[in-house]
Peer 1: 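Structure provided below as C-alpha cells; questions to follow.
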Amino acid sequence: QVQLVESGGGLVQTGGSLRLACAASGRTFNDINMGWFRQAAVKEREFVAAIDWNGGRTSYADSAKGRFTISRGNAKNTVYLQMNNLKPEDTALYYCAAYITDGMVLRSIPFEYEYWGQGTQVTVSS
C-alpha cells in the first residue's frame, strides 16, 4: 500500500511562487509514476502534471506549461511541483497521486491513478 502526503501549499499573491512536495511511503518506488492534480471549488478534478518512475519523462496540462515544473527527488519517493507566476485561477486543492507504471504514455485522468494523498490548499490572491 502506498501512502502519499502533500505539503507546501499556502496563500500567495498573483505572480508569486510555491513549491509543493509529496512524500510517498509504503513500498519501493522504482516502478511508480506520480502526478499532480487539482480541484477548485465546484469544479472537477483536473490534471496538472505527471512524471515517470525515474524522472525521465514528464507531462503537463496546457495551463501548467511554462509555469510549473514537476520533478522527483533522488530517492524517487518524493515528487515536487514548482509553481511560478501563479494566477488566481490556480487556486485549488492540489493532490498528489501515483500508479504502478505500465510503460505507456503518462496518465492524465484521475481514475487511472491508484493512490491519492489528502491534498494541500493553494490560494492565489489578486
Side-chain angles (χ1 to χ4, degrees):
Q1 188 72 7
V2 174
Q3 294 81 43
L4 304 174
V5 179
E6 304 95 335
S7 62
L11 174 65
V12 64
Q13 291 185 332
T14 296
S17 299
L18 283 174
R19 189 191 195 204
L20 305 184
C22 174
S25 61
R27 55 164 287 166
T28 59
F29 291 90
N30 56 3
D31 62 348
I32 296 290
N33 292 347
M34 301 181 75
W36 287 97
F37 290 77
R38 67 186 184 186
Q39 188 165 14
V42 301
K43 289 188 176 181
E44 294 186 352
R45 193 167 299 188
E46 66 176 7
F47 172 72
V48 176
I51 190 166
D52 72 351
W53 68 274
N54 71 347
R57 291 186 295 143
T58 58
S59 176
Y60 294 92
D62 288 344
S63 60
K65 289 178 181 176
R67 299 188 301 128
F68 295 1
T69 302
I70 189 170
S71 62
R72 295 187 80 138
N74 290 334
K76 304 291 188 267
N77 65 333
T78 303
V79 64
Y80 303 98
L81 184 68
Q82 177 66 44
M83 305 187 294
N84 298 327
N85 191 22
L86 283 161
K87 306 174 182 180
E89 51 263 44
D90 295 316
T91 295
L93 188 60
Y94 282 71
Y95 295 93
C96 176
Y99 67 96
I100 298 173
T101 185
D102 56 3
M104 305 295 284
V105 173
L106 291 172
R107 298 174 181 176
S108 61
I109 301 175
F111 77 78
E112 294 181 319
Y113 281 69
E114 300 169 70
Y115 308 102
W116 289 86
Q118 295 299 306
T120 184
Q121 179 68 37
V122 172
T123 303
V124 184
S125 63
S126 57

Peer 1: Between Phe47 and Arg107, is any pair of side-chain heavy atoms under 4.5 Å apart?
Peer 2: no
Peer 1: Quick check: is Trp116 connected to Trp53 through a chain of hydrophobic side chains (ILVMFWY, heavy atoms under 4.5 Å apart)?
Peer 2: no
Peer 1: Donor-acceptor pair, Asn85 side chain versus Arg67 backbone, under 3.5 Å?
Peer 2: no
Peer 1: Would Lys87 and Asp90 pass as an ion pair if we require N to O under 4.0 Å?
Peer 2: no
Peer 1: Please answer whether the main-chain N or O of Asp52 pairs with a side-chain N or O of Arg72 as donor and acceptor at a distance below 3.5 Å.
Peer 2: yes
Peer 1: Could you tell me if the side chain of Val124 sits less than 4.5 Å from the side chain of Glu89, heavy atoms only?
Peer 2: no
Peer 1: Nearest 0.5 Å please: distance from the CD atom of Glu46 over to the CZ atom of Arg38.
Peer 2: 4.5 Å
Peer 1: Step by step, work out the side chain to side chain contact (heavy atoms under 4.5 Å, CB included) result for Thr91 and Gln121.
Peer 2: CA-CA 8 Å; Thr91 295; Gln121 179 68 37; 4.0 Å; yes
Peer 1: Are Met34 and Leu4 packed together at the side-chain level, in the sense that at least one heavy-atom pair is separated by less than 4.5 angstrom?
Peer 2: yes
Peer 1: Report yes if the side chains of Thr14 and Pro88 come closer than 4.5 Å at any heavy-atom pair, otherwise no.
Peer 2: yes
Peer 1: Could you note down all residue pairs passing disulfide (SG to SG under 2.5 Å) where residues 1-46 supplies at least one of them, sequence neighbours left out?
Peer 2: Cys22-Cys96
Peer 1: Phe37 and Val79: same hydrophobic cluster, using ILVMFWY side-chain contacts below 4.5 Å?
Peer 2: no
Peer 1: Show your working on side chain to side chain contact (heavy atoms under 4.5 Å, CB included) between Met83 and Leu20 and close with a plain yes or no.
Peer 2: CA-CA 8 Å; Met83 305 187 294; Leu20 305 184; 3.8 Å; yes
Peer 1: For Phe29, which of Asp31, Asn33, Ile32 qualifies under side-chain contact (heavy atoms from CB on, under 4.5 Å)?
Peer 2: Ile32
Peer 1: With rounding to the nearest 0.5 Å, note down the distance linking CD in Gln82 to OG1 in Thr69.
Peer 2: 7.0 Å
Peer 1: Do Asn54 and Lys76 come close enough that some side-chain heavy atom pair is under 4.5 Å?
Peer 2: yes
Peer 1: Provide the full list of ring-ring contact (aromatic ring centres under 6.0 Å, His included) pairs with a residue in residues 77-110, sequence neighbours left out, each pair given once.
Peer 2: Tyr99-Tyr113
Peer 1: For Tyr115, what residues pass the ring pair (Phe, Tyr, Trp, His ring centres under 6.0 Å) criterion, not counting sequence neighbours?
Peer 2: none
Peer 1: Check the pair Glu114 / Ile100 against side chain to side chain contact (heavy atoms under 4.5 Å, CB included), numbers first and verdict last.
Peer 2: CA-CA 8 Å; Glu114 300 169 70; Ile100 298 173; 3.8 Å; yes
Peer 1: Of the options Ile70, Ile51, Leu106, which is the one that meets Tyr60 in a side-chain contact (heavy atoms from CB on, under 4.5 Å)?
Peer 2: Ile70
Peer 1: With rounding to the nearest 0.5 angstrom, report the CD to CG distance, Glu6 to Leu81.
Peer 2: 11.0 Å
